[in-house]
2 protein chains.
Amino acid sequence: MQRPTIKTIARETGLSIATVSKALKHSPQVRPETRAIVLDAAERVGYELNLHGVQLRTGKTYQVAAIMTAPGPKENEWEGVEYAQLLSGISWALEESPYRVSLYAVRDFEESQETIRQIVSMKKADGIIISGTRADDPRIRLMQEAEFPFVTYGMSIHNAPHAYVDADNAQMIRLSMARLIERGHRRIALLNPKEQFTYGVVRLESYRKALEEAGLPYDPALVAHGRLTPAFGRENVVSMSALADPPTAYICANEATALGAFSGFHARGLVHGRDAVINATDDLNVSQYFAPPITSYYLPIGEPSALLGKFILRRMEGEPPAALQTLLMPDLIERSDDRLRPER
Amino acid sequence: MQRPTIKTIARETGLSIATVSKALKHSPQVRPETRAIVLDAAERVGYELNLHGVQLRTGKTYQVAAIMTAPGPKENEWEGVEYAQLLSGISWALEESPYRVSLYAVRDFEESQETIRQIVSMKKADGIIISGTRADDPRIRLMQEAEFPFVTYGMSIHNAPHAYVDADNAQMIRLSMARLIERGHRRIALLNPKEQFTYGVVRLESYRKALEEAGLPYDPALVAHGRLTPAFGRENVVSMSALADPPTAYICANEATALGAFSGFHARGLVHGRDAVINATDDLNVSQYFAPPITSYYLPIGEPSALLGKFILRRMEGEPPAALQTLLMPDLIERSDDRLRPER
DNA sequence: ATCACAGATAAAAACGTTTAACTTCATTGT
DNA sequence: ACAATGAAGTTAAACGTTTTTATCTGTGAT
């Protein structure tokens, strides 16, 4: 028993394969009654479209390439864990479509660029989703020049308009800072992603502006850029807390960094709420389990990932990118007062 | 400028496409000199195999389906985060091959079963990688009956032999228990995955055996089965620590559970090392950042994932499954003494 | 000189689909 | 009455491979 093809249906119905093909794709060239007959027969024989034929004929791949930048297999730091949920979110968004997510794991920016170049020129996918965007991102230019559909998780600054989904980092930092300053903090540390990343730039800018508006000085010693691992959080708490005038609040760019910051507190004998506090941005709903639970801006990763999936589908259908740009505002979840209580 | 095909090379060299095809696949039917000419021309025109043609002709897909069971997009619990690294590890292992990882995110066991059935019957991939295996796993039977190549992350118990990679859970629990008992613990809690999973069964069995050998009673109140989220860890610490005779040690099946356990300590005012201790199994190298750092069995997730990739390649080449079975023993990393110090 | 044979290459068919070009037939407008 | 139009189908080619079968060429044996 072979897998049924349109030929099977043609034989079954006495129509030509061309008509069957058209009927299945709802071409206006075929009469509704005929279509009904075809659909019925298709159902009966258990027909399912063979993508390989389509792919060869049309050049479509029905693949959405997700470029995942993760540190090499040898490096064992807790990094990029939110990718799992990001991928599954995208995958679910594509569920009703014939598209599948195919994964391209790369080690660094250069490799992602090379991979994208290949996907584009060899047409290995119909659409691409990337993250870790830069202020001026050559990968975006590459895809735009080739008119290749793509969506980014993260904005760019100097590139021509494109489809993206991102958290509203500027707003988030602005409000975070206002809140902490209102609660008496004057020395606020920013544990930020690498400066190459757009959101690193955006967050830093917003941070500086907030300081300025509050009439507080900007101290570069309170800002760190790096890979958002627990190690990063820990190291910076350890070193910054040793400053003559140490920070009383740490804003961590993700939950891994926040976990590491707690580890730094432990190492230096600091007590959360007495010596300093930690705030964070949280994708994974994990801040509530820290001891003590911390205040965070929470954006369930399912939201951006569902949007990424939706957007790439629409881009592949030719929708212009201008309509496919969303900044999501995370919810502030206050779990501690964050005023210092210098008891004891 | 069209993408070059074997036809391009045929024109270029004056040979037929058949010969070119054979030359490219190192068929013995073509003379070495001819092959050289072909390879040279291929290089010159920048030829790259078009998989769509191959796929249609041979039925091969060059896809490895990774079935990822993750909770629905609506549920926002920190679960399954290690999947990101697992996937990238597999993806790297396939890097030199023409195969790509294509992702199938499913919500639960039933859906994974249905998805696998489809992949197998519609031949949507050449190989499958699944995790979350059960003692008697119908998915494994399904793939075996269809003689479909697959590798599982996690053993099964009642199924016919198949390729798998797993951590040596029995040994891990045996040694963990021996170590804790040696340090004076008599009431040891086991925060375990759901009983359906093979490793849940294996761990429980090993736990009971360890108790028995030490002459300690088995108390079901100290064993919990559930989804390995922080919430699970927290809830069980909260409830178990309220027992008349509470546990003095908690063995957590992963780092998410351990994080939640710490949260439970905080909620109940327990101090790690004084009231009880936490041990864990760690894939993500994150136990070192807990406050305090805890003792764990650490298996960098890169190792099993690289093996999964290697194994599926070999299975797809027809290698029998018997040779493709590996139990990995995680390293014990002692970060605290774990004897209770009832100071204060 | 002819034959059989092997080695090397070529021709052709096939995989499942889409689509441009064509045919058929009924309907419409004059 | 008849050309023009349009709707609904059909034919056939094409996408890039692999593979079966056929063809050709030269060698060595008879």
Side-chain angles (χ1 to χ4, degrees), chain A residues 1-42 45-63 98-99 121-126 316-317, chain B residues 1-42 45-63 98-99 121-126:
Chain A
M1 224 335 239
Q2 275 301 308
R3 173 171 171 181
T5 71
I6 52 173
K7 215 181 265 178
T8 318
I9 301 180
R11 212 179 311 114
E12 198 81 0
T13 58
L15 294 162
S16 75
I17 61 164
T19 310
V20 172
S21 170
K22 286 174 191 155
L24 290 171
K25 344 186 40 216
H26 292 90
S27 155
Q29 284 184 46
V30 19
R31 254 190 353 207
E33 303 92 79
T34 315
R35 182 189 343 286
I37 295 173
V38 169
L39 293 182
D40 185 64
V45 302
Y47 171 78
E48 191 160 337
L49 181 63
N50 182 327
L51 287 183
H52 297 335
V54 185
Q55 287 167 343
L56 180 56
R57 172 63 220 226
T58 65
K60 292 204 60 151
T61 66
Y62 291 103
Q63 310 253 2
Y99 293 91
S121 76
M122 292 285 138
K123 189 109 183 42
K124 287 173 180 283
D126 298 332
M316 292 187 303
E317 278 165 6
Chain B
M1 224 331 241
Q2 277 301 308
R3 174 171 172 180
T5 72
I6 53 172
K7 215 182 267 179
T8 318
I9 301 180
R11 211 177 316 114
E12 196 82 0
T13 58
L15 294 162
S16 75
I17 62 164
T19 309
V20 173
S21 171
K22 286 176 191 150
L24 290 172
K25 339 187 46 219
H26 293 90
S27 155
Q29 283 184 49
V30 21
R31 253 197 350 218
E33 302 92 78
T34 314
R35 177 181 355 278
I37 294 173
V38 169
L39 292 182
D40 184 64
V45 303
Y47 171 78
E48 190 161 337
L49 181 64
N50 182 328
L51 287 183
H52 296 336
V54 184
Q55 288 167 343
L56 180 56
R57 172 65 221 229
T58 63
K60 292 205 61 149
T61 67
Y62 291 104
Q63 310 251 2
Y99 292 91
S121 78
M122 292 284 137
K123 188 112 185 38
K124 287 172 180 281
D126 298 332

Contact class for Thr5(A) (heavy atom, under 4.0 Å): base, sugar-phosphate, or nothing? sugar-phosphate
Would you mind classifying the nucleic acid contact of Lys7(B) as base, sugar-phosphate or nothing, using non-hydrogen atoms under 4.0 angstrom? sugar-phosphate
Donor-acceptor contact below 3.5 Å, side chain Gln55(A) vs main chain His52(B): no
Without decimals, in angstroms, what is the distance between His52(B) NE2 and dG16(C) P? 17 Å
4.5 Å side-chain heavy-atom contact, Gln63(B) and Asp126(B): no
When the distance from CD1 of Ile17(A) to P of dG9(D) is rounded to whole Å, what number comes out? 16 Å
Taking atom C1' of dC15(D) as reference, at what distance in whole Å does atom CG of Leu56(A) sit? 4 Å
In whole angstrom, give the distance that lies between atom CD of Glu48(A) and atom P of dG16(C). 14 Å
Contact class for Leu15(B) vs. all strands (heavy atom < 4.0 Å): base, sugar-phosphate, or nothing? sugar-phosphate
Are OP1 or OP2 of dT19(C) and a side-chain N or O of Lys25(A) less than 4.0 angstrom apart? yes
Below 4.0 Å: OP1/OP2 of dT17(C) and any side-chain N or O of Tyr62(A): no
Whole-Å distance between dC15(C) C1' and Arg57(A) CZ? 15 Å
Tell me which of Gln29(A) and Gln29(B) sits closer to the 5' end of DNA chain D, going by the nucleotide each one is nearest to. Gln29(A)
How long is the line joining CG of Leu24(A) and P of dT17(C), in whole Å? 9 Å
Under 4.0 Å, heavy atoms only, any strand: does Ser21(A) hit a base, just the sugar-phosphate, or nothing? base
Need one value for Leu49(A): base, sugar-phosphate or nothing, where a base atom within 4.0 Å counts as base even if backbone is also close, heavy atoms only. sugar-phosphate
Categorize Thr58(A) for me: base, sugar-phosphate, or nothing, with a 4.0 angstrom heavy-atom threshold over every strand shown. sugar-phosphate
Nearest whole Å is fine: how far is dA14(D) P from Arg3(B) CZ? 20 Å
Spacing between Arg31(B) atom CZ and dG26(D) atom P, to the nearest angstrom: 11 Å
Contact class for Lys22(B) (heavy atom, under 4.0 Å): base, sugar-phosphate, or nothing? base
I want to check one thing: is the phosphate of dG9(D), taken as OP1 and OP2, less than 4.0 Å away from some side-chain N or O of Thr19(A)? no
A side-chain contact here means heavy atoms from C-beta on lying under 4.5 Å apart; do Tyr99(B) and Thr61(B) qualify? no
Student check: side-chain heavy atoms of Lys123(A) and Lys60(A) closer than 4.5 Å: no
When the nearest nucleotide of DNA chain C is assigned to Ala18(B) and to Gly53(A) on a heavy-atom basis, which residue is associated with the more 5' position? Ala18(B)
Exam field: side chain Arg3(A) to backbone Met122(B), donor-acceptor pair closer than 3.5 Å: yes
